Asker: 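Got a structure for you, questions after.
The first residue in the sequence is number 1, and the count goes up from there. This one's a predicted model, so the numbers in the text were calculated from it and none came from an experiment. Only this structure's heavy atoms are used, side chains among them; waters, hydrogens and symmetry mates stay out.
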Amino acid sequence: LVCTIYHLSHGFSPSVGVLKVKPVLQKTGHHQGVFPVRLGMRPAHSATSTAIQVASLRGGAAAAASAIGSPLKFFNSSLLGLFLATVFVKAIARSTVSSSDADDSKVAKSKEVKSLQLKFLSVFWMLRCADWLQGPYFYEVYASKIFNGVPASLSLISRLFLTGFVATAAFGPIVGRIADTSGRKKGTLAFAILYAIGALSTKSPILGILLLGRVASGIGTSLLFSAPESWLVGESQRLGVEDSLGETFGLAYAGDSIVAILAGQMAGLAAGMSGPTGPFQLSVGFLAIGALLAAFMWKENVASNVDESGNGEKPSIRDAMKVVAADQKIMLVGAVQALFEAAMYIFVLQWPPAITAAIGKVFGSNVATPYGTVFSCFMASCLLGSSIFSHLTGKMKVATERGATGMLALATVSMGLASLASSSSTLLNFVPKFAALVGSFFVFEACVGMYFPSIGTLRSKYVPDSHRGVIMNLFGIPLNVLVVTVFLSIKKLGVSGALGCSTAALSLAFASLLRLQAMVKSESA
């Protein structure tokens with residue numbers, strides 16, 4: 001969604017970005033990198049060399065640019081450093097395991113755990129790959145449409161974008177309830193069908209079909225982030241291997257970072273061959289593979305109070321709300337979910353203009369931002385975070401609540417620094433703002449890599465299986481409301497203000513988890 005949100009939030013204003021562009025709405029063009037700025041777009045002015053741009057700068061910016069070389073060189077070096085850091089964490093994890101511990105871990109990882117991980121991860125990664133494939137070209141595929149002889153306007157694309165968010169918030173609890181009642185496997189298959197409908201709708205020139213496709217994708221998104229996880233937790237409980245969930249979530253999201261990088265490259269190739277609809281059509285293939293694997297490898301499971309024939313007390317949305325209200329721990333876990341993920345999506349809205357503005361100050365306004373390489377750095381940071389989570393909860397046996405609390409504290413500080421670095425504040429004058437901004441973003445993305453396996457583990461512990469899908473989607477409502485509110489207020493907030501909203505959300509999530517940790521400690525005492 002990088003280019004999508006960048007253009008929807010800020011249009012094509014040269015004062016925000018670093019490229020002056022003229023839109024070319026043909027469906028042909030050359031693509032490079034994971035996230036090209038726009039299909040068929042070209043710079044309005046010829047790019048000058050980095051050396052000339054650096055020479056035109058003055059003071060510390062010129063010195064910094066001279067030391068870094070170019071944005072592409074800087075982020076390529078950062079990508080290598082993040083990769084080496086991940087290798088280092090893995091090496092530390094291996095070196096801290098004694099031979100007896102290694103033998104114990106081999107015994108502990110039973111055939112049931114290995115089989116469950118194989119079944120879940122193979123499906124999860126296929127479906128996530130399909131999701132990643134569609135993101136980079138969302139803006140381009142709708143910008144290429146012509147209605148009544150007029151190209152799609154920015155406001156129309158914005159409405160299409162928001163339609164998916166509204167559909168997720170409105171229908172999430174309903175489809176969550178259906179998945180809990182009818183089966184999480186069926187919910188996963190329904191996601192694949194709905195997302196395929198959304199992808200295929202991009203071939204149509206009819207606005208009504210495009211809107212229906214966005215509704216289908218929005219509903220599918222709510223299933224993607226609830227049905228597979230609910231199936232995994234339910235199946236692990238059936239097999240009696242709940243203790244392996246932390247490891248499984250760690251593997252799932254570490255692999256997801258790699259899948260995202262590969263999907264970005266495949267999306268670029270598909271768009272180069274078939275235009276902006278190419279990645280969407282390619283995603284249908286991955287959805288089909290994931291659906292087939294789930295259909296043949298997964299055994300259906302339903303909410304714990306409903307048997308496989310559909311009999312028993314079926315969970316309702318009202319019942320789920322009563323369950324949440326009656327258990328403060330569920331409320332706290334849900335608050336962490338809604339607040340952190342809202343902060344994450346706001347970050348996705350704002351990192352492109354923040355990075356491009358910072359690059360413009362250091363290298364000059366005509367230097368292109370290497371979006372693809374920056375995105376790869378973010379995914380490498382996520383991989384590093386997932387590796388740290390696996391080491392902390394696996395080898396060091398740190399409680400998930402404690403590790404997640406530290407992660408949220410770090411995320412809050414990093415986002416606060418990013419907000420200051422993107423503003424005109426003088427509080428960070430003792431360090432280069434470019435380095436502070438990029439470093440803060442890397443740290444936050446590492447926290448994202450730790451967050452997803454952490455929240456999955458916490459939900460498996462505190463959210464009852466009887467209402468799992470409904471409750472997960474209920475907390476998606478405030479999440480989407482907050483993101484849409486910031487999106488609609490972006491002109492008033494600005495980049496720094498939006499990142500400040502993320503910081504506030506993260507601080508509240510940190511406070512919620514502190515409260516949860518205190519409750520757990522009190523009960524254990």
Asker: For a 4.5 angstrom cut-off between non-hydrogen side-chain atoms, does M472 reach F225?
Answerer: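 Contact flag for M472/F225 side chains = no.
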
Asker: Counting C-beta onward and ignoring hydrogens, is there a side-chain heavy-atom pair between Y462 and M331 closer than 4.5 Å?
Answerer: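 When only atoms from C-beta onward are counted, M331 and Y462 do not touch, as no gap falls below 4.5 Å.
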
Asker: Could you go through E235 and K299, starting from their C-alpha distance and side-chain angles, then the distance that decides it, and tell me whether this counts as salt bridge (charged side-chain N to carboxylate O under 4.0 Å, His left out)?
Answerer: CA-CA 8 Å; E235 192 68 7; K299 181 179 179 180; over 6 Å; no

Asker: Is S440 reaching over with its side chain to a backbone N or O of M415, donor-acceptor style, under 3.5 angstrom?
Answerer: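 No, S440 side chain to M415 backbone: no donor-acceptor pair under 3.5 Å.
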
Asker: Measure the shortest side-chain to side-chain distance between V302 and S182 over non-hydrogen atoms and say whether it is less than 4.5 angstrom.
Answerer: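 No. Closest side-chain heavy atoms not under 4.5 Å.
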
Asker: So W231 and F120, would you call those rings parallel, tilted or perpendicular, with 30° and 60° as cut-offs?
Answerer: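 Rings of W231 and F120: parallel, under 30°.
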
Asker: Between G234 and N301, which heavy-atom pair has the shortest distance, and what is it?
Answerer: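 Taking every non-hydrogen atom into account, C-ND2, 3.8 Å.
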
Asker: Between I146 and P205, is there a side-chain heavy-atom distance shorter than 4.5 Å?
Answerer: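 They are not in side-chain contact.
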
Asker: Over all heavy atoms of both residues, which pair between A498 and Q350 is shortest? Give the atoms and the distance, please.
Answerer: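 Result for this residue pair: CB-CG, 3.5 Å.
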
Asker: For S230, is there any backbone N or O sitting under 3.5 Å from a side-chain donor or acceptor partner on R468?
Answerer: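 No: the side chain of R468 does not pair with the backbone of S230.
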
Asker: Take Y142 and L210, measure what side chain to side chain contact (heavy atoms under 4.5 Å, CB included) needs, and give me the verdict at the end.
Answerer: CA-CA 9 Å; Y142 293 112; L210 295 175; 3.8 Å; yes

Asker: Looking at T277, is its backbone amide N or carbonyl O close enough to the side chain of Q281 to form a donor-acceptor pair, meaning the two atoms are under 3.5 Å apart?
Answerer: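 Checking the backbone N and O of T277 against the side chain of Q281, a donor-acceptor pair under 3.5 Å is found.
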
Asker: Carefully, step by step, assess Q134 and S283 under the rule side chain to side chain donor-acceptor pair (under 3.5 Å).
Answerer: CA-CA 7 Å; Q134 295 188 22; S283 73; 3.1 Å; yes

Asker: Check whether any side-chain N or O of S502 sits under 3.5 Å from a backbone N or O of A343 as a donor-acceptor pair, and report yes or no.
Answerer: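 At least one qualifying donor-acceptor pair exists.
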
Asker: Have a look at F340 and tell me which of T412, V448, I455, L479 forms a side-chain contact (heavy atoms from CB on, under 4.5 Å) with it.
Answerer: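 Of the listed options, the one satisfying the test is V448.
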
Asker: Distance alone, cut at 3.5 Å: any donor-acceptor contact between the side chains of T248 and Q117?
Answerer: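 A pair is found: one side chain offers a donor N or O, the other an acceptor, under 3.5 Å apart.
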
Asker: Taking the ring of F124 and the ring of Y253, is the distance between their centroids below 6.0 Å?
Answerer: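 Y253 vs F124: aromatic centres under 6.0 Å.
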
Asker: If you compare all heavy atoms of S454 against all heavy atoms of T400, which two are closest, and at what distance to 0.1 Å?
Answerer: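 S454 and T400 have their closest heavy atoms at O-CG2, 3.8 Å.
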
Asker: Measure from the side-chain N and O atoms of W125 to the backbone N and O of V259, and report whether any donor-acceptor pair falls under 3.5 Å.
Answerer: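 The answer is no, because no donor-acceptor pair under 3.5 Å joins these two groups.
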
Asker: Quick one: are L516 and L513 in side-chain contact, heavy atoms under 4.5 Å?
Answerer: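 In contact.
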
Asker: Run the side-chain contact (heavy atoms from CB on, under 4.5 Å) test against P173 and tell me which residues pass, sequence neighbours left out.
Answerer: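 P173 satisfies side-chain contact (heavy atoms from CB on, under 4.5 Å) with I317, N473, L474, I477 once adjacent residues are dropped.
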
Asker: In this structure, is the centre-to-centre distance between the rings of F161 and F487 below 6.0 Å?
Answerer: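 Ring-ring flag for F487/F161: true, centres closer than 6.0 Å.
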
Asker: Does a salt bridge link D180 with R177, judged by any charged N lying under 4.0 Å from a carboxylate O?
Answerer: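 No.
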
Asker: Are the side chain of K145 and the backbone of T202 linked by a donor-acceptor contact shorter than 3.5 Å?
Answerer: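 Checking the backbone N and O of T202 against the side chain of K145, a donor-acceptor pair under 3.5 Å is found.
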
Asker: Between V374 and W351, is any pair of side-chain heavy atoms under 4.5 Å apart?
Answerer: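 Yes; the side chains approach each other to less than 4.5 Å.
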
Asker: Minimum heavy-atom separation for L79 and S376, please, with both atom names.
Answerer: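 So the two residues come closest at CD1-O, 3.6 Å.
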
Asker: For E300, which of R184, K186, R238 qualifies under salt bridge (charged side-chain N to carboxylate O under 4.0 Å, His left out)?
Answerer: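 The salt bridge (charged side-chain N to carboxylate O under 4.0 Å, His left out) with E300 is passed solely by K186 among R184, K186, R238.
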
Asker: Looking at L156, is its backbone amide N or carbonyl O close enough to the side chain of S153 to form a donor-acceptor pair, meaning the two atoms are under 3.5 Å apart?
Answerer: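 Answer holds: yes.
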
Asker: Just wondering, do E341 and F452 contact through their side chains at under 4.5 Å, heavy atoms?
Answerer: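 F452 vs E341: side chains touch.
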
Asker: For T168, which residues count as a side-chain contact (heavy atoms from CB on, under 4.5 Å) partner, sequence neighbours excluded?
Answerer: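 With sequence neighbours excluded, T168 shows a side-chain contact (heavy atoms from CB on, under 4.5 Å) to T221, S222, N480, given in chain and number order.
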
Asker: Just so I know, are the side chains of C377 and V438 near enough to count as touching, which here means a heavy-atom distance under 4.5 Å?
Answerer: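 The answer is no, as the side chains (C-beta and beyond) never meet within the 4.5 Å cut-off.
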
Asker: Using a 3.5 Å distance criterion without hydrogens, assess whether the side chain of N148 forms a donor-acceptor pair with backbone atoms of V150.
Answerer: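 A pair under 3.5 Å: no.
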
Asker: So, do F347 and F441 have ring centers that fall under 6.0 Å from each other?
Answerer: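 Here the rings of F441 and F347 have centres that are less than 6.0 Å from each other.
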
Asker: Give a yes or no on whether the backbone of S201 and the side-chain of S204 come within a donor-acceptor separation of less than 3.5 Å.
Answerer: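 No; zero donor-acceptor contacts below 3.5 Å.
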
Asker: K185 side chain to W298 main-chain N or O, any donor-acceptor pair under 3.5 Å?
Answerer: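 Checking the backbone N and O of W298 against the side chain of K185, a donor-acceptor pair under 3.5 Å is found.
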
Asker: I need the minimum non-hydrogen distance between A190 and L223, along with the two atoms involved.
Answerer: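 Closest approach of A190 to L223: CB-CD1, 3.9 Å.
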
